[in-house]
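Owing to the predicted nature of the structure, the values given are computational and were not obtained by experimental measurement. Here is how names work: the chains are called A, B, and so on, in the same order as the sequence lines, proteins then strands, and each is numbered from 1.
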2 protein chains.
Amino acid sequence: MARAALSPDAVVDHALRIVDEEGPEALTLSAVAGRAGVATPSLYKHVRNLAELRVLVSGRVMGELVEVASEAVLGRSGDEALRALMDGWRSYAARHPHRYSALIQAPRPETAETGDRLVGIMLAALRAYGLEGSAAIHAVRCLRAAMHGFAVLEAAGAFQLAEDLDESHALLTHMVMAGLRTARES
Amino acid sequence: MARAALSPDAVVDHALRIVDEEGPEALTLSAVAGRAGVATPSLYKHVRNLAELRVLVSGRVMGELVEVASEAVLGRSGDEALRALMDGWRSYAARHPHRYSALIQAPRPETAETGDRLVGIMLAALRAYGLEGSAAIHAVRCLRAAMHGFAVLEAAGAFQLAEDLDESHALLTHMVMAGLRTARES
DNA sequence: CGACAGTGGCTAACGTCATTAGCCTCTCGG
DNA sequence: CCGAGAGGCTAATGACGTTAGCCACTGTCG
């Protein structure tokens with residue numbers, strides 16, 4: 001159990017710092033090794049390979065989103081909860097755009113639990129809308145699509161015009177709420 | 001002007017086939033060279049480097065989206081136009097998930113014109129809603145976020161539950177329409 | 001008709017990465 | 001005090017991207 005300078009968690013910490021500062025494409029094992037002051041192959045004692053490191057990073061980001069989301073929903077309900085959730089989500093992505101871009105969407109067994117937790121929080125945020133069964137699932141999917149789409153585009157700098165992004169996001173929030181309130185078929 | 005077996009466009013064709021079949025991560029210059037029956041360095045006679053090839057691929061995908069979107073909006077207006085646009089967008093992404101994932105969101109000068117065209121089509125699709133100036137811009141942003149978010153998540157296989165995706169997408173469409181119809185502040 | 005230029009392909013060579021194999025050395029539990 | 005294993009290291013390999021420099025073919029212009 002030699003000097004535990006490094007550990008899987010510590011490796012992920014360094015990886016996150018690299019992602020934040022230089023973007024997800026800059027996440028390489030040699031870069032992490034450099035930060036950790038260690039030779040590249042040493043990392044394999046803590047992480048299976050680069051692909052797994054990416055999954056771990058993604059899992060960490062999802063964990064942070066769980067925190068942001070649950071804190072937003074805590075003690076609120078209905079429109080208020082939904083707005084807080086969407087605002088918190090967007091604010092996280094805007095604060096850590098590279099980190100957000102490092103999220104892996106494709107379902108991975110390693111992050112399934114955290115993902116389910118996120119879905120659970122979204123379901124909770126929608127509880128007051130009285131959606132049952134499948135209707136709630138559809139609603140969560142739309143909420144996810146709206147939040148994720150906006151976050152991705154904002155993180156990528158895809159919204160170039162001068163218009164205030166806060167206002168755009170307020171409209172998005174309004175869309176989701178209005179759509180849920182009037183959720184018949186179309 | 002030796003045997004013009006290859007050209008920038010032909011290189012992009014091969015690249016697209018690779019993306020479709022093996023995903024965007026599999027897009028490497030050697031893979032393209034293999035398909036083209038040519039040594040890797042020969043590609044540099046047609047394309048500046050891998051980064052540029054990716055941009056060209058992305059531009060081609062955006063061009064296809066322009067076609068899909070404009071055909072959807074042609075001769076329709078209001079809810080009908082919006083629904084056709086959203087359905088067409090989703091259907092393209094579902095038909096070519098890897099290709100859709102190869103889209104680069106970060107604004108690039110090379111694809112700026114095509115991107116503007118897309119925004120123009122979305123604006124046209126929203127024309128009947130009578131939005132003016134900034135309001136139209138905010139609406140386009142939300143529409144983009146909704147369509148892109150749903151497309152990305154569906155392409156990544158992020159919607160895992162058994163619920164019918166068509167229904168989820170119908171709800172998304174409903175949200176956008178309901179939100180636009182009632183677009184005051186919130 | 002024949003030289004010429006440039007287009008497009010090729011080989012050789014490098015540098016960067018990921019990844020594997022195999023070694024060495026602390027450190028800690030007995 | 002010893003033995004094991006955790007954790008670090010060097011060496012080696014193989015994919016790629018990229019650059020440099022060479023060569024053949026082709027179409028054009030004297």
Sorted by chain and number, sequence neighbours left out, ring-ring contact (aromatic ring centres under 6.0 Å, His included) with H148(A) holds for Y100(A)
Mind telling me whether F150(B) and F159(B) have parallel, tilted or perpendicular rings, with 30° and 60° as the class edges? tilted
L6(B) has an atom CG; how far is it from atom C1' of dT7(C), in whole Å? 12 Å
If you look only at pairs with a residue in residues 120-141 of chain B, which of them pass as a side chain to side chain donor-acceptor pair (under 3.5 Å), with sequence neighbours excluded? E163(A)-S134(B), E167(A)-H138(B), S168(A)-H138(B), S168(A)-R141(B), D79(B)-Y129(B)
How does the hydrophobic cluster around I104(A) look, that is, which other residues are in it when side-chain heavy atoms under 4.5 Å mark a link? V55(A)
Within residues 38-47 of chain B, those residues having any heavy atom closer than 4.0 Å to DNA chain C are V38(B), A39(B), P41(B), S42(B), K45(B), H46(B)
Using distance alone, with no hydrogens and no angle criterion, decide if H46(A) and S7(A) have a side-chain donor and acceptor under 3.5 Å apart. no
Rounded to whole angstrom units, what separation is found between the CG atom of L50(A) and the C1' atom of dG14(D)? 16 Å
Is it true that, when you exclude E71(B) itself, more than 12 heavy atoms of the residues, nucleotides or ligands shown sit nearer than 6.0 Å to its CD? no
Going by distance alone, is a donor N or O of one side chain under 3.5 Å from an acceptor N or O of the other, for R54(B) and S58(B)? no
Stem ranges for DNA chain D, with three or more consecutive Watson-Crick or G-U pairs under 3.5 Å? C:1-30 with D:1-30
Please report, rounded to the nearest Å, how far the P atom of dT20(C) is from the CZ atom of R48(A). 11 Å
Quick test of your reading of the model: are R95(B) and D20(B) salt-bridged, counting only N-O distances below 4.0 Å? no
The correct set of residues in residues 18-36 of chain B placing a heavy atom under 4.0 Å from DNA chain C is none
Within a strict 4.5 Å, meaning less than it, do heavy atoms of the V68(A) and W89(A) side chains meet? no
Less than 4.0 angstrom from a charged side-chain N to a carboxylate O is my criterion; do R35(A) and E22(A) meet it? yes
